[in-house]
Amino acid sequence: MSSLPRVPLPWPDELTPAAARALQKQWRGRVQRHGRVDGIRWIAGVDVAFPAQGSRSRGAAVLFRYPDLVPVAGSLAELPTRFPYVPGLLSFRELPALLAALSGLPQVPDMILVDGQGIAHPRRLGVASHLGVLLDRPTIGVAKSVLCGRYAEPDRASGSQSPLVHDGEVIGTVLRTRQNVRPVIVSCGHRVGLTEAVALVQSCSRGYRLPEPTRLADKLAGANPGPWPLGEGVPIRCESTVDVAGAAQAPVPIR
DNA sequence: GCGACAG
DNA sequence: ATCTTGTCGC
């Protein structure tokens with residue numbers, strides 16, 4: 001029963017947008033855009049929600065057995081939001097909650113699907129790539145819309161693809177995961193090639209626009225007082241870490 | 001200078 | 001992301 005480490009955030013509590021962009025340029029060189037997807041047994045999907053009213057972030061992670069995609073566990077974590085939403089700097093806002101949620105899973109995922117861009121980012125360090133580098137684990141970015149780059153509209157049929165290009169470089173694939181629905185943007189997060197990433201996303205799709213990992217993580221993050229979103233029998237670990245400047249207090253359950 | 005802009 | 005009901009289409 002091993003779980004992912006709770007890595008400390010490698011950036012200051014106080015950070016200006018300009019400083020954050022400088023850090024991205026410094027870290028983007030660590031991203032590995034190649035890698036196979038063999039021998040995967042555990043896959044996780046992650047997402048973050050921002051409950052109305054409060055200024056808190058709720059990270060959600062769902063662990064699946066692969067390739068049958070049976071959800072085996074979920075994890076929720078809430079903590080204060082410390083960074084605003086700034087296009088291009090999403091990871092500084094969402095990573096704390098994502099890391100906290102991932103640390104609550106019972107197994108270390110062989111692959112993590114993130115709701116957001118991987119290298120399909122102005123400085124090639126979207127939230128999926130940033131997460132992968134921090135954990136040194138394979139990740140894939142699956143976004144619902146484009147941040148930067150241009151592309152030709154893929155065919156309306158399921159499975160149709162079209163390259164996403166930015167500054168003369170292919171940074172991702174616009175993939176139609178279902179007929180007549182808006183395509184998703186797939187890009188390398190870390191330690192995986194684009195072709196392999198697209199194949200993996202397709203193998204995780206089950207008739208919905210979003211692949212199961214991201215789809216259920218999104219559902220888990222957004223459904224608070226509601227029916228168990230993963231099905232009866234699937235354990236969900238909940239933890240609310242009320243901390244100010246890193247000093248964690250006593251964890252209290254969500255719900 | 002103007003428009004675009006993950007979640 | 002979040003606030004929000006019904007409704008049109010595959």
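A, B, ... follow the sequence lines: proteins, then strands. Residue 1 opens every chain.
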*asked:* Closest approach to the side chain of A/V127, judged atom by atom: which nucleotide of C/dT2, B/dG7, B/dA6 is it?
replied: B/dA6
*Pick base, sugar-phosphate or nothing for A/G88, based on heavy-atom distances below 4.0 Å to the nucleic acid.*
base
*Contact class for A/Q117 vs. all strands (heavy atom < 4.0 Å): base, sugar-phosphate, or nothing?*
base
*Spacing of A/T139 atom OG1 and A/Q32 atom CD [to the nearest 0.5 Å]*: 10.5 Å
_Which label fits A/W11 and A/W27: parallel for a plane angle under 30°, tilted from 30 to 60°, or perpendicular past 60°?_
tilted
*asked:* Rounded to whole Å, how long is the line connecting atom CZ of A/R58 with atom P of B/dG7?
replied: 19 Å
*A/S55 and A/T81: side-chain donor and acceptor closer than 3.5 Å?*
no
*Have a look at A/L98 and say if it touches a base, only the backbone sugar-phosphate, or nothing, with a 4.0 Å heavy-atom cut-off.*
nothing
*Closest listed nucleotide, where the reference is the side chain of A/A143 and the choices are C/dT2, C/dC10, B/dG7*: B/dG7
*Quick one: A/R209 CZ to B/dA6 P, roughly how many Å, whole number?*
13 Å
*Take atom CZ of A/R182 and atom C1' of B/dG7, then tell me their distance rounded to the nearest Å.*
13 Å
*Answer yes or no: does a side-chain N or O of A/S145 lie under 4.0 Å from OP1 or OP2 of B/dC5?*
no
*Looking for any heavy atom pair under 4.0 Å, which part of the strands does A/A120 touch: base, sugar-phosphate only, or nothing?*
nothing
_Of the options B/dG7, B/dA6, C/dT2, whose atoms approach the side-chain atoms of A/A52 most closely?_
C/dT2
*Distance, rounded to the nearest Å, where A/L220 contributes CG and C/dA1 contributes C1'*: 17 Å
*Looking for any heavy atom pair under 4.0 Å, which part of the strands does A/F50 touch: base, sugar-phosphate only, or nothing?*
sugar-phosphate
*asked:* Could you tell me if the side chain of A/R150 sits less than 4.5 Å from the side chain of A/V165, heavy atoms only?
replied: no
*A/R33 side chain near A/R124 side chain, heavy-atom distance below 4.5 Å*: yes
*NA contact type, A/V146, heavy-atom cut-off 4.0 Å: base, sugar-phosphate, or nothing?*
sugar-phosphate
